[in-house]
Chemist: 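Here it is, the structure in full.
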Amino acid sequence: MPVTVLLVDDEPLVRAGLRAVLEAQPDIEVVGEAADGAAVIPLVRQLRPDVVAMDVRMPLLDGIEATRAVLRTVPEPPKILVVTTFENDEYVYEALRAGADGFLLKRARPAEIVHAVRLVAEGESLLFPAAVRSLAAEYGNKDARAALDRAALTEREAAVLRLMARGLSNAEIAARLIVGTETVKTHVSAVLAKLGARDRTQAVIAAYESGFVTPS
């Protein structure tokens, strides 16, 4: 089955460019478009896309609030890929904190766009650029540090979280730690549960905000 994608951007040329790039791939299908975040929820419910590629800045409802709304109201919500012009945009960071799963620059090359959609759809690694890591570290606070301390991660879970924060997939973590992929999945699930994180992105944000991991 192809990865299905909903495009949400107030610029028609951006949507047309993304559609052209994605529909050139045999395993990706663009199932719909919207010009504002306010249209996302009904389209998600109707089309059930695997991934929503969503501009972070839109006139009526921006990508941050649209992300929150989707995750709050849609059962089994799609993955959300934030699309923006500037990689050091605080809006992007807030969208990731709100629950978005990845990050894509509008100037990305076609191969990078395709890779981003596939990666987010798989859900086993992150699109978390250095600029966003730095923003997360800047937002560090005592509450984040205390929450990570309370999580009481085991040594192996801590190692897995550090590798997750570097963007490694489960298979790459398994190779690095010389364990099976299923073992890594078990550790990832434990890390998410202990941190109260919805997904890998939320766990990695917690790691940076707490100072457990620092930008390299």
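Computation of the quantities below employed the complete heavy-atom set of this structure, encompassing side-chain atoms and omitting hydrogens, waters and symmetry-equivalent molecules.
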Chemist: Run Val188 and Leu161 through side chain to side chain contact (heavy atoms under 4.5 Å, CB included) and show every step you take.
Modeler: CA-CA 8 Å; Val188 170; Leu161 178 56; over 6 Å; no
Chemist: So do Arg48 and Val74 actually touch side chain to side chain, heavy atoms under 4.5 Å?
Modeler: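 A side-chain contact under 4.5 Å exists here.
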Chemist: Would a distance-only check, ignoring hydrogens and angles, find a side-chain to backbone donor-acceptor pair under 3.5 Å from Asp199 to Gln202?
Modeler: yes
Chemist: Roughly how far, to the nearest 0.5 Å, is CZ of Phe212 from CG of Asp149?
Modeler: 10.0 Å
Chemist: For Glu209, is there an ion pair with Arg145 - N to carboxylate O distance below 4.0 angstrom?
Modeler: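 A salt bridge is absent here (no side-chain N lies under 4.0 Å from a carboxylate O).
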Chemist: Quick check on the hydrophobic clustering: are Val204 and Val184 connected, directly or via other members, by side-chain heavy-atom contacts under 4.5 Å?
Modeler: yes
Chemist: Starting at CG of Leu163, measure out to CD of Glu172 and round the result to the nearest 0.5 Å.
Modeler: 9.5 Å
Chemist: When the side chains of residues 75-83 are checked against the rest of the protein, which donor-acceptor pairs come out under 3.5 Å, sequence neighbours left out?
Modeler:
none

Chemist: So if you build clusters from Ile, Leu, Val, Met, Phe, Trp, Tyr with side-chain heavy-atom gaps below 4.5 Å, do Ile113 and Val3 land together?
Modeler: yes
Chemist: Of the non-hydrogen atoms in Arg200 and Ile173, which two are nearest, and what is the gap between them?
Modeler: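 Taking Arg200 first and Ile173 second, the nearest heavy atoms are NH2-CD1, 3.9 Å.
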Chemist: Restricting to non-hydrogen atoms, name the atom on Ala203 and the atom on Ala197 that form the minimum distance, rounded to 0.1 Å.
Modeler: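 That would be N-CB, 3.7 Å.
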Chemist: I need the Leu177 CG to Arg156 CZ distance, nearest 0.5 Å.
Modeler: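 One gets 5.0 Å once the value is rounded to the nearest 0.5 Å.
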Chemist: Within this structure, what is the CE-CD distance for the pair Met164 and Glu157, rounded to the nearest 0.5 Å?
Modeler: 11.0 Å
Chemist: Between Val51 and Val117, which heavy-atom pair has the shortest distance, and what is it?
Modeler: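 Shortest heavy-atom contact: CG2-O, 4.1 Å.
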Chemist: Please enumerate all residues that pass side-chain hydrogen bond (donor to acceptor under 3.5 Å, both in side chains) together with Arg150, with sequence neighbours excluded.
Modeler: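 Applying side-chain hydrogen bond (donor to acceptor under 3.5 Å, both in side chains) to Arg150 gives none.
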Chemist: Can Val160 be reached from Tyr208 by stepping across I, L, V, M, F, W or Y side chains whose heavy atoms are under 4.5 Å apart?
Modeler: yes
Chemist: Is a salt bridge present between Asp10 and Arg57, judged by a nitrogen-to-oxygen distance below 4.0 Å?
Modeler: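 Salt bridge between Asp10 and Arg57, a charged N being under 4.0 Å from a carboxylate O: no.
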Chemist: Could you work out, with salt bridge (charged side-chain N to carboxylate O under 4.0 Å, His left out) as the rule, every residue matching Arg198, not counting sequence neighbours?
Modeler: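 Expected list: Asp101.
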Chemist: Could you tell me which non-hydrogen atom of Gly102 sits nearest to which non-hydrogen atom of Leu96, and how far apart they are?
Modeler: O-CD2, 3.9 Å
Chemist: Side-chain contact, heavy-atom cut-off 4.5 Å: Asp55 with Lys106?
Modeler: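 They are in contact (side-chain heavy atoms under 4.5 Å apart), so the answer is yes.
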Chemist: Met54 and side-chain contact (heavy atoms from CB on, under 4.5 Å): which single residue from Leu7, Val8, Leu6 fits?
Modeler: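 Only match with Met54 under side-chain contact (heavy atoms from CB on, under 4.5 Å): Val8.
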Chemist: What I'd like to find out is whether the side chain of Val5 reaches to under 4.5 Å of the side chain of Val52, using heavy atoms alone.
Modeler: no
Chemist: Which donor-acceptor pairs under 3.5 Å do side chains of residues 63-71 form with protein atoms, sequence neighbours excluded?
Modeler:
unit_1 : atom_1 : unit_2 : atom_2 : d
Glu65  : OE2    : Arg68  : NH1    : 2.5
Thr67  : OG1    : Gly63  : O      : 2.7

Chemist: Kindly give the heavy-atom pair with the smallest separation between Ala100 and Thr201, and that separation in Å.
Modeler: O-CG2, 3.5 Å
Chemist: How long is the span from the CZ atom in Arg176 to the CZ atom in Arg162, to the nearest 0.5 Å?
Modeler: 13.5 Å
Chemist: Name each donor-acceptor pair under 3.5 Å that joins a side chain in residues 25-43 to protein atoms two or more places apart or in another chain, with its distance.
Modeler:
unit_1 : atom_1 : unit_2 : atom_2 : d
Gln25  : OE1    : Arg118 : NH2    : 3.2
Asp27  : OD1    : Arg118 : NH2    : 2.9
Asp27  : OD2    : Arg118 : NE     : 2.9
Asp27  : OD2    : Arg118 : NH2    : 3.4
Glu33  : OE1    : Arg15  : NE     : 2.9
Glu33  : OE2    : Arg19  : NE     : 2.7
Glu33  : OE2    : Arg19  : NH2    : 3.3
Asp36  : OD1    : Leu60  : N      : 2.9
Asp36  : OD2    : Ala38  : N      : 3.0
Asp36  : OD2    : Leu61  : N      : 2.9

Chemist: Could you tell me which non-hydrogen atom of Phe103 sits nearest to which non-hydrogen atom of Thr84, and how far apart they are?
Modeler: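 Result for this residue pair: CE1-CG2, 3.9 Å.
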Chemist: CG/Leu105 to OG1/Thr85 distance, rounded to the nearest 0.5 angstrom?
Modeler: 8.0 Å
Chemist: Once side-chain hydrogen bond (donor to acceptor under 3.5 Å, both in side chains) is applied, do any residues pair with Asp50, and if so which ones, sequence neighbours excluded?
Modeler: Thr4
